[in-house]
A.B. asks: 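So that we are looking at the same thing, I have put the structure below in structure tokens.
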Amino acid sequence: MSAQVQLFGGVVFSPNVPNPENVRRLDHGALPMIAAMHRHGIRLDIPYIQALNVRIVDLQRGYESEARSWLGRYQYRHAKHGYIPFNIGSRDHLAQLFFEELRIQGDGVELKRTPTGKREEVSAEILEPYRDRHPAVGPVIEWHSCEKLRNTYTSVLPGLVDSESRLHTKFNVTVASTGRLSSSNPNLQNIPIRTKLGKEIRGAFVCSPGRVLVSADMAQIEMVWAAHRSQDPVMLSVFRNRQDIHTRTTCEVFGLDYEKCADLTRRYEAKQTNEEESAAYLYFKQFQRLPCKTVGFGVLYGQTAEGLQKSLASEGIHWTLEQCEKFITQDFFAVYGGLRVMLEDDYSFARRYGMVVDYFGRVRLVPEAKSNLKWINNEGTRKAGNHPEQSSAQGGLKLSMAELQPICERMDVWPLLQIHDQLISDCPVGLAQEFADVKTWVMEHSVPLSVPTRASNDIGERWMDL
DNA sequence: CCACGTACACCC
DNA sequence: AAACGGGTGTACGTGG
């Protein structure tokens with residue numbers, strides 16, 4: 001049995017064993033800040049988001065007329081109602097148009113069916129490779145991407161604000177089985193960031209007059225927890241030396257020198273590399289670091305060779321199933337042998353007991369892991385493999401929230417959002433730097449682990465700038 | 001008209 | 001109860 005651990009507030013407990021008292025204390029400790037987040041709400045710049053909405057509508061008009069200009073008098077053949085007008089928003093219509101009428105897939109190509117097998121899949125991911133096969137494909141993809149941003153964000157959020165233009169999301173504390181918070185009405189944990197246009201939506205979330213937004217987020221927190229729980233020597237060394245874990249993985253796998261790679265990366269990003277060095281860097285980044293990063297990201301989710309192949313394909317790297325299989329089992333886990341042992345231990349614990357436990361003692365039931373049907377069993381072990389890291393990471397942030405709330409009250413800081421590894425607050429301008437430093441310090445020191453946990457902070461007037 | 005299942009897309 | 005863990009919300013299509 002492992003030794004006892006003392007937490008920030010003087011609480012002592014034994015890690016990794018079921019401990020409902022500890023979980024209750026953790027969950028309840030975060031409630032005052034959650035309540036404050038609900039009360040304050042985040043301010044929305046209404047004219048800004050309305051202008052963005054108009055821009056998106058205009059873009060969509062362009063995409064739709066462009067698409068239709070290539071489709072002649074095409075109409076959808078409905079099983080009951082005969083020919084009806086083509087609806088660019090209907091997946092059924094798109095499937096019939098592209099794969100039955102235009103046959104953009106060519107001959108002898110196996111198309112992927114939806115899970116229920118009703119029709120062919122027409123997601124952006126599926127359609128993407130067919131951009132060159134018909135001029136309507138591109139505009140349709142773009143139209144749908146705009147449709148998502150408009151329907152979910154730019155046209156909806158302005159209608160949900162209070163008299164002071166503030167949005168009060170609801171943080172649900174009993175929904176996620178890992179103990180994470182979830183956010184609804186509206187969900188402010190899924191505001192776009194990945195695409196250029198999507199990220200502009202974050203520009204609509206602003207500080208209050210005379211104040212600024214302060215954000216702090218944990219670096220690679222689930223990997224840090226994996227390092228702590230597994231005691232894998234390479235992982236420990238990565239975080240103790242403040243290295244980038246994906247770059248380190250790459251160096252271990254391909255036999256490169258870490259400092260040279262880190263230096264090359266720094267100089268490339270500062271535009272200080274010559275042509276030859278730039279080419280070397282881009283090769284390193286695309287063909288060596290990217291696969292390592294993808295595996296590193298997927299491994300805690302129980303990613304299979306098929307999953308890796310699909311992820312890499314979306315990045316333009318086409319590997320065979322055998323290559324993916326070998327990369328995970330031999331290359332990656334040759335570096336992180338201790339991580340493999342930890343995951344296998346978690347799997348066998350789940351198979352034996354039908355449950356899994358995080359660092360703080362939060363239990364998740366995974367009865368599927370006791371099944372004799374292989375694919376059901378795999379479902380269970382995947383959940384079991386991910387739970388300790390996700391749940392422990394979440395628990396650590398809840399401790400930070402408990403510690404920070406009294407500080408926020410003393411400094412007149414308004415907590416606004418929690419996004420799993422990140423806290424955003426609204427802070428008086430004069431206190432911003434001091435508060436940002438305190439916030440970061442608390443997040444880094446809430447839980448004593450074998451490796452330092454790193455948090456970084458940002459100060460800005462708009463969420464987009466954080 | 002409404003409730004629901006489905007497919008899809010956004011986040012960490 | 002598929003193939004990558006955890007979430008929320010939307011439009012479409014169908015059936016009561």
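Chain naming here is simple, since letters A, B, ... match the order of the sequence lines and numbering starts at 1 in each.
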A.B. asks: Check the orientation of A:Tyr353 and A:Phe349. Use parallel for under 30°, tilted for 30 to 60°, and perpendicular for over 60°.
C.D. replies: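 Plane angle between 30° and 60°, so tilted.
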
A.B. asks: With respect to the side chain of A:Asn190, which nucleotide from B:dA7, C:dT8, C:dA2 is positioned closest?
C.D. replies: C:dT8

A.B. asks: Can you say whether the rings of A:Phe86 and A:His93 are parallel (under 30°), tilted (30 to 60°) or perpendicular (over 60°)?
C.D. replies: tilted

A.B. asks: Counting heavy atoms from C-beta on, name the nucleotide in C:dA2, B:dA9, B:dA7 closest to the side chain of A:Trp375.
C.D. replies: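 For the A:Trp375 side chain, the nearest candidate turns out to be C:dA2.
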
A.B. asks: Go through residues 144-162 of chain A and report each residue with a non-hydrogen atom lying under 4.0 Å from DNA chain B, sorted by number.
C.D. replies: A:Lys148, A:Tyr153

A.B. asks: Going by number, which of residues 50-71 of chain A have a non-hydrogen atom under 4.0 Å from DNA chain C?
C.D. replies: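 Per residue number, the list is empty: none.
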
A.B. asks: Which listed nucleotide (C:dT8, B:dC12, C:dA1) is nearest to the side chain of A:Arg202?
C.D. replies: B:dC12

A.B. asks: Go through the steps for A:Arg61 and A:Glu64 under the test salt bridge (charged side-chain N to carboxylate O under 4.0 Å, His left out), then give the verdict.
C.D. replies: CA-CA 5 Å; A:Arg61 240 198 300 279; A:Glu64 180 161 7; over 6 Å; no

A.B. asks: If you measure from the Lys or Arg side-chain nitrogens to the Asp or Glu carboxylate oxygens, is any gap between A:Arg131 and A:Glu142 under 4.0 Å?
C.D. replies: yes

A.B. asks: Which listed nucleotide (C:dG5, C:dA2, C:dT8) is nearest to the side chain of A:Gln390?
C.D. replies: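 For A:Gln390, the side-chain atoms sit closest to C:dG5.
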
A.B. asks: Angle between ring planes, A:Phe13 versus A:Phe360, binned at 30° and 60°: parallel, tilted or perpendicular?
C.D. replies: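 Judged by the thresholds at 30° and 60°, the geometry between A:Phe13 and A:Phe360 is parallel.
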
A.B. asks: Under 6.0 Å between ring centres: does that hold for A:Tyr359 and A:His228?
C.D. replies: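 Yes; A:His228 has its ring centre under 6.0 Å from that of A:Tyr359.
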
A.B. asks: Which residues in residues 127-142 of chain A have at least one heavy atom lying under 4.0 Å from any atom of DNA chain B?
C.D. replies: none

A.B. asks: Between the base of B:dC11 and the side chain of A:Ser183, is there any donor-acceptor pair under 3.5 Å?
C.D. replies: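 Such a pair does not exist between side chain and base.
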
A.B. asks: For the pair A:Phe297 and A:Tyr301, name the ring-plane relationship: parallel under 30°, tilted 30 to 60°, perpendicular over 60°.
C.D. replies: perpendicular

A.B. asks: Do NZ/NE/NH1/NH2 and the carboxylate oxygens of A:Asp358 and A:Arg229 come within less than 4.0 Å?
C.D. replies: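 Judged by the 4.0 Å cut-off on N to carboxylate O distance, A:Asp358 and A:Arg229 do not form a salt bridge.
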
A.B. asks: Check A:Asp45 with A:Arg462, please: is the shortest side-chain N to carboxylate O separation under 4.0 Å?
C.D. replies: yes

A.B. asks: Less than 4.0 Å between a side-chain N and a carboxylate O, is that true for A:Glu101 and A:Arg73?
C.D. replies: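 Not counted as a salt bridge, because no side-chain N and carboxylate O are separated by less than 4.0 Å.
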
A.B. asks: When you get a sec, tell me which of C:dG13, C:dT14, B:dA9 is the closest nucleotide to the side chain of A:Arg91?
C.D. replies: B:dA9

A.B. asks: Which sits closer to the 5' end of DNA chain C, A:Asp92 or A:Gly298, going by the nucleotide each is nearest to?
C.D. replies: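 The 5'-side residue here is A:Gly298.
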
A.B. asks: Examine the base of B:dC10 for any acceptor or donor lying under 3.5 Å from a partner atom in the side chain of A:Arg194, and report the outcome as yes or no.
C.D. replies: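 Check fails, no donor-acceptor contact within cut-off.
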
